[in-house]
Amino acid sequence: MELSKNYIPNEVESRWYEHWLGKGYFNSKPDEREAYTVVIPPPNVTGVLHMGHCLNNTIQDILIRRARMHGKNACWVPGTDHASIATEAKVVGMLRERGITKSSLSRDEFLMYAWEWKEKYGGIILQQLKKLGCSLDWDRTSFTMDSDYYKAVIEIFIKLHREGIIYRGLRMVNWDPVSKTALSDEEVIFKDIDSKLYFVSYPLTDGSGSITVATTRPETILGDVAICVNPTDTRYTSLVGKEVIVPIINRKIPVIADEYVDAEFGTGALKITPAHDKNDNELGKKHNLKAINTLDAEGKFTAEELADDTPSEQVLSYNGVDRFVLRKKIVEDIAALNQIQKVEDYKGQVGTSERTGAIIESRLSLQWFMDMKKFIGQHPAIVSSVATDKIKFHPAKLKNTYSYWMDNIKDWCISRQLWWGQQIPAWYDGEGNYVVAATREEAFEQFKSQNEKIKIDEIFQDEDCLDTWFSSWLWPMEVFKGVSSPGNPEFNYYYPTTTLVTGQDIIFFWVARMIMAGYAFKDKQPFADVYFTGMVRDKQGRKMSKQLGNSPDLLGLIDQYGADATRFGILIASPAGNDILFDESALEQGRNFNNKLWNALKLIKMWEGRQTFGVNRESSGVSEVVKSKTHDSRLTTHDFAVTWFGNRLSQVKMEVDEMMGQFRLSEALKTIYSLIWDDFCSWYLEWIKPGFEQPISTSVYQKTVVYFEELMQLLHPFMPFITEEIYHLLQENTDDLCVKQVQAIPSSNKSILGEGELLKKVISALRDARNKNQIKPKDPIKLHIQADTISGYQSIENILMKQVNAESITYTKESIANTIVVAVEKDKFFIETEKQLDSTTLKAELLKDLEHQQKFLESVLKKLSNERFVQNAKPEVIALEQKKQADAQARIKTIEESLKNL
RNA sequence: GGGAGCAUAGCUCAGCUGGUUUAGAGCAUCUGCCUUACAAGCAGAGGGUCCGCGGUUCGAACCCGUGUGCUCCCACCA
């Protein structure tokens, strides 16, 4: 069969993915094996694959594939999140394009459109994961609004409400005026902004002057109910208890005193607007002040609550004006009254909505909350499991972040003024009473026990739905129906899951809450290890964003480089616990690696039909000169290469095992990459390679094929497609690499590994000497070796000759004149060449080396002559220093001799 | 404002218990090669004040202190 010049991934990848699917390799059913369970962090149902997903899911696939090959029952559950705000916003946008406003639709009509949209676009992202090679058990695909899942969420709400953990209350919440919903604290992102500090004066009612207040939010002035100063602030002592007049609205408000006010800031006087600021609200409560709301749900002015003040024409003209326009307007209007003292530039922070980016309003509203302190208090393992590594975080530094958040946890606002999501199971009668129940019928029964006259169609359900995270926190349980069908065999087998792979950015949103849910509802941790990936940035370190246009088209990249190369590229650039700086050149490196593998395959395939049977006809592939030599080292030469690589392979397999155990995936991949490229291709294959059109011994050939297969098996979790392809092209294999079980690792022989390293060093040193002396690669040399023990070199003569293009090797006890001298450890090599040698350059080189060695020796001697070192250091450390000394002295002697030779 | 982390080659990072030939890798750079698997390649090389300063120690990239510079998390001084 003719193999193409370069590896072409596309056809190979889709072919193998189909094959694996057809064989059902990704499907898992409970059996006697140990389970290795991973649940995917469910992407937004309407999402498309981006670099973050790519990194995330590549890592999960590596872990899953490796577990599958190591005798585990690997189960990786796919699915999507209904993502209430994000999805609802998309649906609203889609409807707007069609000329339909949300407000013109009933809830049911809207949900119909939303489901339609979900069916059409939902799960595109799952198809994209297939392109990446993810070995997910597709039969288990879940969605956070599946009917059982929906029921589970409702059940949990009812349970927590019954336990008094969930309550309804009028609180200041983070209000997103764009999506017109409350948000949890976690959904608010604070951003630095340039704003202005306005100094507004409020005249005293007694005409004795005025108080100036500094504010960044003049648009809320119409909601002012007091001016507050610090009681110790002597500037204002005499004014406390007096009244001032709010500009424009002419409301009379008191001047009060409270420790809260910082006398140093602004003018030391603070205006109190309890309806629009959390702190003001607290102060308002404390001082028994009314909250006057002046903004509606969209952040537009409303005069509704100003009735007591009999609003003027001017005030009424603000009706419906957006908060930011209103700010300008009010400033102008107050300026017209000469009550703006000055305006300063001010750098402040504002909260923005994580989803819509809108600036958050603090707004007093009736919402549902979870009492987190109480909840966590009931399940101490939520905090301790992470501290004690019952749940291990990678990187461990995030443990601090976690425990700090837990220690300072605030109540969780779980209601959202949205329709897309689990509707809150609270039911109201017309009089403001409510009950919590799963169905209208159950709610009706509850109401009836209090009020016999009530009719079932008189009660109505809460319009709001639950925070998305209130459903996703059940994910590791409910994908196995652990909540809706507790104690079922699947759940018992797969839960707790093994490893969670997710982004650091959702540690509070999701990871922490899954841990809470796990302990609270099943009394078990949801997973044993959490691998946190960093954020994917561009190579300048900027976040990927649509605005910057620095977010690469992932499917395009997969098309261009192949999925294996993409996986390689993203992982190789991704040290554990750090952000990754994405650079397309890493994918190029991955593609080149594919090609390297492909070419190694081509080389080995060339030998397939050229095997000789029996050792006598074995060819070393080197020149006739070798064959005429007195002793025959040909057999041992290949034996050495084969034995050495076998040992090297074992050694690296051990290292990889160790790294994988510590979740150092990027390093593991680098290690395998170097094993394949350097040890296998550059050294081993070159060592066993027969000469042009020469045969190769069957035993070496077969051993090489096995090695290559084992390398492919080691690499398979990282680059599944090309490894499977090569596995099948190497020889007729009836099984598939994807599920081929990994054998126990034989131990490796240190002395053979050491010989291999020495050989590499000698070859490199001799090649370097050739290079420096400008001996052309084609010019042969005669090599003389001076070593204490020559047997080691005799067994690898053929490799050495071929690798440094020597036409002969002889052994000598003395230095040889007019040669280039190379010293490696204690052995000396004399390169004899036809070429005229430039003795000055040689001399300079040697002198430079001599100086270096002498300096080194000096430092070693200094150490050894230090009595305290000899007394305190461990014996092996001293022995090592002594060896350094001996080696350095030997080398200095060699160099000095060589200098005499010149 | 509070906390955590980081600083090692041009870039991205290893360096795990303080001692492993006076610091390693990949990428990039430079030199020489179209050597019959591979120029998406081969062979080789150069490149470091381990952020500054001080300390502990026989010995420090590693431990301690301090300064500087970044990054992240938490926290709504209007």
Side-chain angles (χ1 to χ4, degrees), chain A residues 3 5-7 174 188 190 197 213-217 228 260-262 264-267 269-273 277-280 346 348-351 360 362 395 397-398 400-401 404-405 408 504 507-508 534-535 539 541 572-575 577-581 583 585-586 588-589 591-606 662 664 666-667 670-671 673-674 681-682 685-686 689 691-693 763-764 767-768 770-772 774 776-778 803 805 825 852-853 855-856 858-860 863 866-874 876-878 880-881 883-885 887-888 891:
Chain A
L3 296 174
K5 182 174 185 302
N6 289 333
Y7 175 64
N174 307 300
V188 178
F190 283 89
L197 197 55
V213 161
T215 179
T216 54
R217 301 207 58 198
C228 192
Y260 168 80
V261 178
D262 175 6
E264 305 293 311
F265 188 89
T267 62
L270 170 69
K271 72 183 199 68
I272 308 291
T273 322
D277 183 280
K278 265 183 197 165
N279 294 311
D280 287 13
Y346 182 71
Q349 281 197 313
V350 293
I360 295 301
S362 283
K397 65 179 176 187
L398 288 170
N400 289 335
T401 312
Y404 184 84
W405 187 75
N408 295 283
Q504 293 176 14
I507 181 168
F508 307 132
M535 188 177 296
K539 62 176 167 181
I572 207 79
S574 156
N578 286 8
D579 281 355
I580 93 155
L581 302 189
D583 185 350
S585 70
E588 227 170 282
Q589 199 189 341
R591 181 199 59 185
N592 295 353
F593 185 37
N594 276 330
N595 211 37
K596 188 71 181 176
L597 294 170
W598 189 247
N599 278 295
L601 172 73
K602 273 163 52 183
L603 176 66
I604 293 169
K605 288 310 273 185
M606 269 174 40
Q662 298 168 23
R664 290 152 68 183
S666 184
E667 266 182 85
K670 274 179 194 163
T671 304
Y673 172 82
S674 159
C681 293
S682 295
L685 288 180
E686 292 300 332
K689 188 195 231 173
F692 185 51
E693 290 187 345
I763 292 169
S764 291
R767 282 173 174 168
D768 184 29
R770 290 186 60 118
N771 240 333
K772 289 219 168 86
Q774 289 163 353
K776 291 253 183 284
K778 277 182 180 161
Q803 295 279 281
N805 192 19
E825 301 198 351
H852 179 263
Q853 290 299 328
K855 264 192 185 164
F856 177 66
E858 216 173 289
S859 75
V860 174
K863 220 178 214 184
N866 183 333
E867 262 177 53
R868 294 168 83 178
F869 170 72
V870 182
Q871 271 166 23
N872 293 318
K874 281 180 266 179
E876 57 267 33
V877 174
I878 296 172
L880 188 74
E881 290 301 317
K883 185 173 184 299
K884 284 186 198 171
Q885 180 194 350
D887 288 356
R891 287 210 56 175

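Here is how names work: the chains are called A, B, and so on, in the same order as the sequence lines, proteins then strands, and each is numbered from 1. Not measured: the values here are computed from a predicted model.
- Here, B:rC63 and B:rU17 have their C1' atoms 12 Å apart, quoted to the whole Å.
- B:rA28 sits 44 Å from B:rA75 when the P atoms are compared, rounded to a whole Å.
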Practice problem: Show your reasoning for whether side-chain contact (heavy atoms from CB on, under 4.5 Å) applies to A:I360 and A:V350. | Solution: CA-CA 7 Å; A:I360 295 301; A:V350 293; over 6 Å; no
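- Counting non-hydrogen atoms of other residues, nucleotides and ligands closer than 6.0 Å to NZ of A:K539 gives a total of 12 or fewer.
- Contact between the side-chain N/O atoms of A:Y346 and the OP1/OP2 oxygens of B:rA78 is found at a separation under 4.0 Å.
- The phosphate of B:rG44 has OP1 or OP2 within less than 4.0 Å of a side-chain N or O from A:S764.
- Comparing B:rG5 with B:rA78, their P atoms sit 29 Å apart, to the nearest whole Å.
- For B:rU12, its base never sits under 3.5 Å from the side chain of A:K539 at any donor and acceptor pair.
- Taking the six-membered ring where the residue is Trp, A:Y7 and A:W598 present tilted rings, their angle falling between 30° and 60°.
- For the pair A:N279 and B:rC77, the criterion of a side-chain N or O lying under 4.0 Å from OP1 or OP2 is not met.
- The side chain of A:R767 contributes an N or O atom lying less than 4.0 Å from OP1 or OP2 of B:rG44.
- Close to B:rA37, at under 4.0 Å from its OP1 or OP2, lies a side-chain N or O of A:K689.
- Contact annotation for A:L581: backbone-only contact, meaning every heavy-atom pair under 4.0 Å involves sugar-phosphate atoms and none involves a base.
- The side chain of A:F856 sits closest to B:rU22 out of B:rU22, B:rC77, B:rA43.
- The listed nucleotides are B:rA78, B:rC58, B:rC33; the one nearest the side chain of A:N872 is B:rC58.
- Ion pairing between a basic and an acidic side chain is recognised when a charged N comes within 4.0 Å of a carboxylate O; A:D887 and A:K883 show such pairing.
- Taking only side-chain nitrogens and oxygens, A:K670 never comes nearer than 4.0 Å to OP1 or OP2 of B:rG15.
- Between the side chain of A:K596 and the base of B:rC38, a donor-acceptor pair under 3.5 Å is found.
- Inspection of the A:N599 and A:K602 side chains reveals an N or O donor paired with an N or O acceptor under 3.5 Å.
- Looking at A:Q589, its side chain has no donor and acceptor atom pair within 3.5 Å of the base of B:rA28.
- Within the structure, a side-chain polar atom (N or O) of A:Y673 is placed less than 4.0 Å from OP1 or OP2 of B:rC27.
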Practice problem: For nucleotides 1-6 of chain B, just jot down a letter per nucleotide in 5' to 3' order: B, S or -, based on protein non-hydrogen atoms under 4.0 Å. | Solution: ---SS-
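- In summary, A:E858 and A:K855 do not engage in a salt bridge, as defined by a charged side-chain N under 4.0 Å from a carboxylate O.
- With hydrogens and angles left out, the side chain of A:E686 and the base of B:rA37 share a donor-acceptor pair within 3.5 Å.
- No engagement by A:N408 is indicated, since no non-hydrogen atom pair under 4.0 Å with the nucleic acid exists.
- Within 4.0 Å (heavy atoms only), A:A873 reaches at least one base atom of the nucleic acid.
- Salt-bridge formation is not detected for the pair A:K670/A:E667: no Lys NZ or Arg NE/NH1/NH2 atom is positioned less than 4.0 Å from an Asp or Glu carboxylate oxygen.
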